[in-house]
Each structure stands twice: as structure tokens, then as C-alpha cells.
Amino acid sequence: MKSSVITFPGSNCDRDMDVALKKFGFNNKMVWHNDHELPNSDLVVLPGGFSYGDYLRCGSMASKSKIMQSVINFAKSGGLVMGICNGFQILVETGLVPGVLLRNKYLEFICKNVFVKLDNKNNKYFKNLNKDVLELHIAHNEGNYFCTKDQLKEIEDNNQIAVYYCNNLGQIEEKFNPNGSIKNIAGIFNKEKNVLGMMPHPERMIDQNLSGEDGSLFFKNLINNIK
Amino acid sequence: MLVNEKVAIEHGLKVDEYKKICNLLNRTPNITELGIFSAMWNEHCSYKSSKLHLKKLPTKGKKVIQGPGENAGVIDVEDGDAIVFKVESHNHPSFIEPYQGAATGVGGIMRDVFTMGARPIANLNSIHFGSPQHKKTKNLLRGVVHGIGGYGNCMGIPTIAGQTSFDSSYNGNILVNAMTLGLVKKNKIFYSKAAGLNKPVIYVGSKTGRDGIHGASMASASFDEKIEDKKPTVQVGDPFTEKLLLEACLELMAGDSIISIQDMGAAGLTSSSIEMASKGNLGIEINLDKVPCRESKMTPYEIMLSESQERMLIVLENGKEDIAKKIFDKWNLDFAVIGKTTNSKNIELIFNNEKVANIPINNLVENSPTYDRKWKKSKLPKKNKIKKEVVKKLKIKDVLKKVLSSPNVCSKEWIWQQYDHTVMGDTIQKPGGDSGVVRIHGTNKAVAASIDSSAVYCWAHPLTGGKQVVAESWRNLISVGATPIAITNCLNFGSPEKEENMGEFVECVQGIGEASEYLKFPVVSGNVSFYNQTKDVGIKPTPTIGGVGLIKDYNKMITMNFKENDNLVLILGKTEGHIDQSLFARTILDEKNGPPPEVNLFNEKNNGESLLNLIDKNLIKSAHDISLGGILTAIAKMCIKGDKGIKLKRSKNLINEIEYFFSEDQGRYIIEINPKDLKEVTKILNKNSVHHEEIGVIIDKELIINEKTKVTIDELKSYNTNWLTNYMSK
Amino acid sequence: MKVSAIITLKKDVLDPQGKVIHQTLDGMGFKDVNEVRQGKYFEIDVKENDPKKAKEIVENMCSKLLANLVIENYKIIETQ
Amino acid sequence: MKVSAIITLKKDVLDPQGKVIHQTLDGMGFKDVNEVRQGKYFEIDVKENDPKKAKEIVENMCSKLLANLVIENYKIIETQ
Ligand SMILES: Nc1ncnc2c1ncn2[C@@H]1O[C@H](COP(=O)(O)OP(=O)(O)O)[C@@H](O)[C@H]1O
Ligand SMILES: [Mg+2]
């Protein structure tokens with residue numbers, strides 16, 4: 001299975017994502033933001049970090065990179081595109097997924113483990129996963145998901161919510177919401193479910209010595225679904 | 001501008017120093033030259049008050065690849081890998097503008113590390129604030145934490161440990177010390193020593209602006225009412241550009257174009273160019289018209305003294321300019337050939353086709369002033385008599401609650417949760433343990449790092465305090481199963497021109513030296529920050545020690561959380577009941593006098609090495625050193641982290657229970673072992689003559705001190721975690 | 001010539017920064033505040049001396065990059 | 001009434017954001033830009049109907065909290 005990770009100036013989880021994808025069997029290539037063409041891929045990943053320093057708005061400048069036109073075309077033709085953290089912010093800025101990511105409610109960067117509840121398994125990312133609640137890691141300053149009422153209705157009608165912040169039992173309540181996201185949204189799909197944006201970092205949870213291993217479950221399952 | 005004595009004094013030079021400059025040059029310097037002298041000869045760059053004493057520190061060892069004198073120290077961690085590390089202060093800028101001051105401090109120390117070819121793999125910080133009641137404290141704390149996180153997080157380097165303290169002596173002068181560790185291949189280390197004639201000198205990174213002119217002189221002056229005027233010298237950090245600079249430099253370093261490289265830190269282009277030339281025993285010629293400037297009409301004086309951040313100076317091999325330029329273009333950074341190395345042994349500056357400065361480099365470096373300042377020796381204070389009747393009235397549970405929730409012991413999670421501590425995917429011990437630990441990517445090895453200081457002990461008796469900090473650093477590394485290798489130090493003191501402060505400095509350094517010599521824990525890098533005072537009030541002497549150790553097999557790493565019911569808990573090291581200068585004495589008894597606990601280096605070494613031996617034999621389930629707050633505080637923290645309880649035994653000691661639980665005798669650890677290993681553990685400890693005693697057995701969710709005194713783990717947690725969060729949200 | 005633009009969040013978009021600033025001001029004793037909204041300000045120096053044209057250029061920049069029209073509005077406030 | 005204030009970086013202070021935005025605009029084809037400086041914009045609704053007094057209140061807020069006078073300047077641009 002072939003994957004591509006895009007490196008923007010200021011990306012800093014690109015290597016971590018590369019390590020994770022390779023660990024679970026992907027043949028991964030790193031792609032520079034200034035390239036025009038995507039290598040042949042089954043999965044394209046926009047990694048976390050601070051592309052362009054998070055200046056202006058997170059993800060805004062990266063969304064204008066040369067490579068992004070190819071990524072958009074790839075997504076529109078049904079290709080799998082996953083944006084994690086800053087990658088999610090870039091996806092939002094390109095309009096591939098709806099909504100925006102505002103500053104965290106208390107204006108503080110948050111780095112910690114959280115639980116997320118999967119809402120929709122009818123897609124390549126989560127199909128066959130035998131758990132509904134995953135423990136993942138977040139590390140962000142702008143993960144406060146927001147969209148308009150109309151958008152929210154549309155998102156809900158189309159089953160586009162991918163993951164919610166919750167507790168270890170899967171209860172979705174305001175007190176388990178780390179950053180103020182509406183409806184505790186931690187990640188969403190596009191309408192067709194081939195594009196996924198989410199704040200938590202599965203690539204930081206891929207062995208028992210790190211913060212946990214639920215990221216391993218995610219990647220193992222993902223490569224099986226793509227095969 | 002005409003140069004005379006008055007102008008020289010305004011530049012922070014002393015009359016004698018100005019005369020010396022005129023004599024050395026045999027003429028009056030022009031204003032640019034005076035600026036250069038003042039930058040090179042101030043305390044921050046010349047170490048004129050500290051040099052004599054720093055020389056006495058042990059800096060060599062089997063594992064030391066590079067000791068003090070370079071941008072950072074380098075140690076061997078086997079298999080061709082080396083760790084580059086250093087700590088640096090950014091105290092004054094952080095007091096004036098906490099966010100930018102702290103941010104640029106973190107940026108600066110990372111540049112010191114990647115200048116040597118190492119990719120940063122971990123950051124640490126030691127931050128000290130005034131009393132929580134002081135009106136400035138909260139905003140300073142918030143700004144500093146946001147600044148440290150803002151820069152480190154953006155760079156994508158995990159912040160894995162730190163230290164935070166509050167003490168009213170920092171009311172008018174906070175401390176912000178930042179430390180970075182980087183990883184490099186032993187045969188790919190870069191140094192600042194220039195070599196070869198007519199080699200191109202290139203400038204890369206950000207443009208030069210008017211920011212931070214005289215930053216280094218500011219770091220060498222005390223605060224006074226005029227500090228407002230000095231405000232515009234604060235720089236703004238640009239972590240994004242630094243991230244690009246890091247990647248671009250490492251890309252260029254992968255080839256063979258670089259002869260030497262030096263970051264532009266304090267005193268910017270001045271100190272970087274002079275240092276490179278001086279180390280290579282060469283001259284250097286710089287054409288200032290070629291320096292990329294942000295503002296128009298910058299003068300030679302401004303260009304040479306600017307402290308704009310995110311810049312580097314490189315001496316290249318001839319003919320490699322194009323290769324280098326291509327890389328810096330790719331990363332969208334400024335690149336300019338601004339000069340060359342010469343055999344004149346002078347620094348020569350050209351501007352508008354005129355020579356605007358010409359100074360023999362040895363006048364700036366070797367001939368810089370050195371002072372043997374007067375200093376006052378401290379006496380060991382007399383021991384206090386503990387007021388038995390006061391102590392008797394105290395309830396252990398109340399004391400424990402007060403201690404756990406006191407600002408200097410409480411959990412600092414509010415701080416470190418704002419630092420990305422897991423990026424790079426190799427953090428195997430997060431903040432909150434005794435040391436932070438990161439794996440050496442792709443190997444079975446891991447490095448542990450800790451940063452510590454004990455200003456209270458140093459203030460009470462500098463010699464003992466100096467020893468104690470090194471010992472504490474050593475213990476923090478051992479507690480996670482790391483073999484201590486070397487230290488870096490950041491010496492934060494008041495004015496060297498005052499005998500008391502100078503005495504504190506001299507004796508702390510002596511203590512650090514003795515301990516590091518005995519423990520074979522050499523000093524490989526460091527930094528001195530004097531003049532930490534407002535008006536006449538100096539801070540408590542605060543030497544900060546950053547220790548680094550190696551864990552050869554990270555599967556053997558130890559954490560401090562209690563693991564399993566029925567496991568036995570032991571104390572290594574003898575408890576004598578030293579209460580003076582303890583947190584207990586200060587917060588409960590309100591007693592500020594008396595000597596700090598004695599440091600017995602033989603016991604330190606013996607206890608520590610024996611514990612490492614037990615760890616190596618897989619006999620230890622958890623471990624934690626006993627520091628601030630004594631035995632009961634340490635045990636409570638292990639309970640909290642493990643969500644486990646413990647049933648304590650009545651101690652066989654003759655001393656009073658409170659003294660037993662809260663005294664701060666040195667060289668002690670708490671360990672958890674499996675009961676089946678008790679025999680073997682005891683055998684090893686007895687063989688090595690390590691004092692040890694069984695103190696309890698692990699149970700569920702309750703700390704049982706005696707029949708009458710029980711505390712649930714949830715209670716302990718709330719004591720420990722609430723203070724800081726509540727304080728910051730009010 | 002220099003063109004100044006401001007970018008503000010649309011009315012129904014949550015402004016976490018404005019909210020926290022409001023609370024902080026309140027805590028500092030500024031009790032009479034109804035609302036605080038934070039936006040961005042840009043001063044852009046373009047090589048164009050015709051005010052109308054300069055304004056158009058910057059409007060174009062706003063809609064293409066500086067503002068996210070899903071949540072933000074922009075307004076040119078000055079050209080000089 | 002609503003008072004609008006802008007906060008800008010002082011002249012010689014580095015504006016990392018402005019610099020990167022400039023580069024990005026350039027990459028997008030906006031070639032004729034000399035400089036971009038970014039600042040902050042605040043719209044503060046105060047319970048005060050006298051424009052002069054309202055302005056004073058907000059100026060006070062600027063100097064005490066909103067602006068960092070070490071590196072920034074502030075200006076009230078509008079009251080309504
Ligand atoms: N400023 C900080 N940044 C990161 N971690 C911190 C900071 N302050 C404290 N910590 C973490 O909190 C924990 C407790 O610190 P401390 O009480 O100094 O520990 P110890 O007594 O073991 O040296 C440590 O793990 C430390 O790394
Ligand atoms: Mg410790």
C-alpha cells in the first residue's frame with residue numbers, strides 16, 4: 001500500500017507519521033509542498049505541526065501551497081486524504097471538510113491523552129475496528145471546532161462526524177471536551193467519507209512505551225481496509 | 001558621534017576599562033569600535049568576574065567529547081552517538097516582556113545546540129517567580145509558560161521536564177533558564193573554530209533589524225528605575241524561521257561544505273565573528289553593506305550590535321557558496337556572502353567603501369579584563385532547636401495537606417500540559433517524573449535529563465547548597481534508571497560587585513565542583529547570569545544544574561508510580577531528621593534559619609550506584625528520590641501517580657514522627673520491590689553497606705499512616721493538583 | 001501606497017479570545033463592558049499609487065488569503 | 001457604545017507574521033507588495049454613551065491589557 005506524507009515549511013509531525021505508516025506496512029513517500037505532483041498513492045496524509053508558523057490562521061497559508069491543488073484533485077476523485085491536527089486545519093482551509101478550527105476555549109495549548117468515540121464506521125478509516133472508544137493524544141492550540149448552524153445540520157444529516165471527545169466509557173459530555181469544540185467534535189469527514197480531518201494524533205500512540213497503543217489499532221485496521 | 005569617557009560609561013564600561021581600550025589601540029576608538037568593545041567586554045560575553053572560579057570546575061571525563069568553551073557540551077552515548085546539551089538564562093528579557101523573553105530564550109538555546117550539528121530532541125526549563133501574592137507573579141508566570149510553549153511547540157521539540165519555584169526574592173527579577181539536548185553522530189560534530197585563509201564568511205537566516213541592540217549589556221546590568229528606557233531592546237522570536245533554519249543547517253551539514261559555524265546570540269554579529277576568528281587564530285573582514293538588513297539606513301554600529309534572532313554565521317569551503325545558497329533558498333531564508341577570513345588577526349569592517357573598524361582580535365578576547373573580585377565567606381549557620389511543643393500539636397494529615405499543596409511542591413501539570421511533550425514520538429517519560437526520558441530514535445537506548453536548583457539551601461550555606469544541587473540532579477537521573485554522565489549549569493546570582501553575592505557565587509561553584517568531581521559527573525557547558533537584582537536586593541543564589549544520563553536498554557527504565565498491591569516499599573539512605581531549611585520548617589514552622597541538610601558525597605555515590613545495580617538486576621518496580629517535603633511527600637506522590645495506596649509501618653527511629661516524615665536528609669530514595677526479591681535486595685544493600693529500612697506495603701487507594709491517620713488517594717490528588725490551576729484561573 | 005484592512009469574525013461566530021479578554025478586563029475592574037470582539041488588522045504597502053486600484057488589490061488579497069470568508073468579514077478602512 | 005482600537009507593532013519590531021504573509025501573497029501572484037504588517041483589532045462595547053469617555057476607557061484598557069507597550073502601539077480608530 002502506498003502512502004504520501006506532505007511536508008510543509010513548519011510541519012513537525014511529518015517524520016512521526018512516516019515512522020507510523022511504515023511500521024504498519026505502508027510504503028510511504030515524503031512529498032515537498034512545492035512539488036506539483038503527488039506520487040501514486042492509496043493514502044495522502046497532511047501531518048501535524050505549525051505550517052507557516054500557524055501565522056495568520058492555522059493552515060491558511062499551507063492550503064495555498066502548490067501541492068495542494070493535486071491533493072484537492074486527488075480527494076475529489078475519491079482518494080483517501082487524512083489530515084491530523086495541523087493537517088485538519090489545512091483541510092478546513094481548503095474547504096475539503098466543512099467548518100473551522102478556532103483557538104482553544106481557555107487560550108492554552110493542550111498536550112494530553114483524551115478518549116474519542118467513533119461515530120461512523122461506514123468508511124475506509126474505521127470499518128472493522130472492534131473498539132468504539134479509542135485513547136489518543138492531542139497537542140494543539142487551535143482545535144476548537146466550529147461551524148454554522150446550517151452547516152452543523154448538514155454535517156449531522158450526512159453522518160459526517162467522525163469522532164467525538166468523550167470519557168473512557170464513551171460518554172460524550174461537555175466536561176470531557178478539552179477545547180470547546182461544538183458537540184465535542186474531534187474529527188469530521190467530507191460528505192463522501194474519503195477525506196478525514198481530526199485533531200488527535202494516532203501516530204503518537206503506536207507502541208507500549210509511548211502514551212498508549214490505540215494508534216496501532218487504528219493504523220493496522222486502516223491498512224487492512226485499503227488492501 | 002565622538003567617543004569619550006562619558007560615552008564609554010554609558011556603554012557600561014568602567015573608566016579603567018576605557019583607558020585600557022585606548023591603550024591597547026593606541027588611539028581613541030570610534031563609536032562602532034567602542035560598541036564592539038563594550039559588547040565583548042561586558043560580563044555576559046567576557047565572564048570577567050567568573051572566569052577565575054569557573055576554571056576550577058571539573059570538565060573532563062571518559063564520556064566527555066567537548067567540555068565548556070564551545071556552543072554546547074558534547075558527551076558520548078555509545079555506538080557513534082553523541083548528545084549535545086546546554087542550559088542558558090534569559091532572565092532580564094523575560095521580566096520585561098515574559099512571552100517574547102522566554103520564547104527567544106528557548107530559541108537561543110536550541111540554536112546553540114543545532115549549531116553543533118545536532119538535531120534537538122528535548123527541551124527543559126527551570127523557571128522561578130516571586131511570591132504568588134506579588135502582583136506581577138501571575139502574569140509573568142502565564143507569559144513565560146506561553147512563551148516557552150509557543151517557541152518549543154512550534155519547533156516540534158518535546159519539552160520533557162522542568163522545575164518551577166516561587167520565592168519572594170524573585171519578585172523583581174524572575175529567572176528563566178532553558179535547556180536543550182540534541183542528538184548528533186560523533187563524527188559529524190561542528191565547531192566554531194574558523195580555519196584557512198580567504199574562506200567565504202556567509203550570513204544565513206533572518207534579516208538584521210534594530211532589535212535587541214545592547215541586549216548583552218542589559219544582561220550585565222541590574223534593574224533600576226530606568227529599566228523602562230531599556231524596554232525596546234526586547235526581541236521578538238520567530239520560531240517558524242528557526243524551524244526552517246534548523247532544517248536548512250542540518251541539510252547543509254550533511255555535506256562537507258562547512259568549516260565552522262556559529263549562531264548569532266548575545267552581541268550578534270560582533271561576538272559570532274570575533275569568536276570564530278579568535279578560535280582559528282585568524283582575522284576576519286566583513287563588508288557590512290552585504291549584511292541583509294530589515295530596516296533601511298542601519299549604521300555599522302547598529303548592524304554589529306543587533307541581536308535579531310534566528311541568524312547564523314558560517315565559514316565555508318571555497319567554491320561551496322552555490323551549494324549552500326541553493327539550500328537556504330529552498331528554505332526561503334536569507335543568504336549572503338558578507339566577508340572572508342584573513343591573516344591580519346584583526347576584525348576589519350567595511351561600510352560604504354570605507355573601513356569603519358579595525359581592531360586586533362586578541363584585544364577583544366585575550367586582553368579582555370579579568371577580575372578577582374572580593375568575596376565573603378559564609379559561615380555554617382547554627383542548628384535550630386525544634387520547638388517540641390509546637391511540633392507535638394501538629395496533625396500529620398494537616399501538615400501533609402499543607403506541604404502537598406504548597407506552591408513549590410504542588411503539581412505543575414498546568415504548566416507542562418501547555419508544552420508539547422510527546423512530539424517526535426520518542427518521549428517515554430513525560431514531565432511529572434524524576435527525569436524526562438526520550439529514546440534515541442531507532443535504538444534501544446534512551447537519554448534521561450533533569451533540571452534542578454535549591455536556592456534556599458544555597459542561600460543558607462552556598463558550599464553545601466552547591467553540592468546538594470549536583471547530588472539532586474544525580475539522584476533524579478538514577479531514579480529513572482539512567483547512568484548519570486555529565487551536567488550543564490546556569491549560575492544565577494546577584495551583583496558580583498557585592499562581596500556577599502560574589503561569595504555566594506564562589507562557594508556555590510566550589511560546592512558544584514566538589515560534588516561533580518566526586519560523583520564523576522563533569523560540567524560540560526554552562527552559563528553565568530549575574531546582576532539578578534532590583535536596586536539593591538539580589539535574588540537568592542540559584543545555580544541551576546541540568547543533568548544528563550543514559551539508559552542503555554529503555555525497557556529497564558523506572559517510573560515513580562507505585563505498581564502493585566503487596567509489593568514492599570523500602571527507604572534507602574539514612575533518615576536523621578534534618579528539619580532546618582526544609583519545606584516543613586519554612587511553611588509550617590515559619591522558621592527561616594539554620595543550616596541546610598548536609599551532603600555526604602560518599603553516601604550519595606554509594607546509595608545511587610547500589611540502586612542502579614538493583615535496577616540493572618530487574619529488582620526495582622518503582623523508585624523516587626526524596627527531596628523537597630521529605631519521605632511522606634515523596635510517598636504521597638508515588639501513590640498519586642500510581643493510583644495506589646500504602647500501609648506504612650511505624651518507624652523504628654528514635655526521632656519524632658513529624659521529623660521522620662518531613663525532614664530533608666540527603667542521599668535517600670524510596671523503592672518498591674516484589675516481596676519475593678526482598679532477600680536478594682537486602683543482601684545487595686547490606687553488602688554495599690547501604691542503610692535501608694522497610695517502610696510499608698502497597699495496598700488499594702489509601703495512604704495509611706497509622707491507625708488514626710488515613711488519607712484516600714483522591715484526597716491526596718486534590719491537595720496536590722488544585723493549587724496551581726486555581727491560582728491561575730482566579 | 002499603504003492600505004489598511006480589518007478582518008472581523010462574523011456575528012454568530014464564537015470568539016474565544018474576545019471572551020477571555022472580556023473576563024480578564026472584568027477581573028481588572030473594567031466592569032462596564034458588554035462585549036469584546038477581536039479581529040485582525042493589516043497594513044499593506046503596495047506598489048500602486050491610485051487609491052482605487054490599490055484598494056481593489058488589497059480586497060482581492062483579503063478574499064483570497066487574509067480572511068476566511070466562512071467565518072470572517074473584511075473591510076478596507078484607509079488608503080494613504 | 002462601540003469603540004474600535006487597533007494595535008500595531010512598533011516600527012523597528014520584527015513582524016514574523018507579516019513577513020510570511022508577504023511571502024505567501026507573493027507566491028500567489030501578488031507581486032507588487034512592498035511590505036505587510038499585521039496588527040490586532042478590537043471592537044469593545046462599553047456601557048458608556050459619551051464618546052469621549054468611552055474612548056478614554058478603551059485607551060485605558062489598551063495601555064493596561066490589550067497592548068504590550070514594550071513592542072506595540074495602540075490607536076482608537078472609531079467610536080459609534
Ligand atoms: N516548568 C516546568 N516545565 C516542565 N515540567 C515541569 C516544570 N516544572 C515542574 N515540572 C515537572 O514537575 C515534576 C515535579 O517537579 P519537581 O518537584 O521539581 O520534581 P523533583 O523534586 O523530582 O525534582 C517534574 O517531573 C518536573 O519535570
Ligand atoms: Mg526527583
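Chain letters run A, B, ... following the sequence lines, proteins first, then strands; residues in each count from 1.
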Donor-acceptor pair, side chain of A:Tyr125 and main chain of A:Asn194, under 3.5 angstrom: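 Present.
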
Polar side-chain atom of A:Asn120 near backbone of A:Asn122 as donor-acceptor pair, under 3.5 Å: yes

CA sep, side-chain torsions, deciding dist, call: A:Asp18, A:Asn28, side chain to side chain donor-acceptor pair (under 3.5 Å): CA-CA 7 Å; A:Asp18 180 55; A:Asn28 186 54; 2.6 Å; yes

Minimum side-chain heavy-atom gap C:Val58-C:Ile76 below 4.5 Å: yes

Side chain proximity check, A:Ser3 to A:Val44, heavy atoms < 4.5 angstrom: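 A side-chain contact is absent here, since even the closest heavy-atom pair is not under 4.5 Å.
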
Got a list of the donor-acceptor pairs under 3.5 angstrom between chain A and chain C?
{"from": "A:Leu56", "atom 1": "O", "to": "C:Lys40", "atom 2": "NZ", "distance (Å)": "3.1"}
{"from": "A:Arg57", "atom 1": "NH1", "to": "C:Leu65", "atom 2": "O", "distance (Å)": "3.4"}
{"from": "A:Arg57", "atom 1": "NH1", "to": "C:Leu66", "atom 2": "O", "distance (Å)": "2.6"}
{"from": "A:Arg57", "atom 1": "NH2", "to": "C:Leu65", "atom 2": "O", "distance (Å)": "3.1"}
{"from": "A:Lys64", "atom 1": "NZ", "to": "C:Lys64", "atom 2": "O", "distance (Å)": "2.9"}
{"from": "A:Glu93", "atom 1": "OE2", "to": "C:Asn68", "atom 2": "ND2", "distance (Å)": "3.4"}
{"from": "A:Arg103", "atom 1": "NH1", "to": "C:Gln17", "atom 2": "OE1", "distance (Å)": "3.1"}

ring-ring contact (aromatic ring centres under 6.0 Å, His included) partners for A:Phe126, two or more places apart: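 In terms of ring-ring contact (aromatic ring centres under 6.0 Å, His included), with neighbours along the sequence ignored, A:Phe126 is linked to A:Phe218.
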
Residue A:Leu107 versus chain C: region with a heavy atom under 4.5 Å: side chain

Residue list, side-chain hydrogen bond (donor to acceptor under 3.5 Å, both in side chains) with A:His201, at least two apart or on another chain: A:Glu203

For A:Ser70, all residues meeting side-chain hydrogen bond (donor to acceptor under 3.5 Å, both in side chains), sequence neighbours excluded: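 Testing A:Ser70 for side-chain hydrogen bond (donor to acceptor under 3.5 Å, both in side chains), a comparison that skips the adjacent residues, returns none.
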
Pairs of heavy atoms under 4.5 Å with chain A: top-ranked of C:Leu66, C:Leu9, C:Val70: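 Of the candidates given, the most pairs with chain A belong to C:Leu66.
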
Part of C:Leu14 lying under 4.5 Å from any heavy atom of chain A: both

Atom group of C:Ile7 that falls short of 4.5 Å from chain A, counting heavy atoms: neither

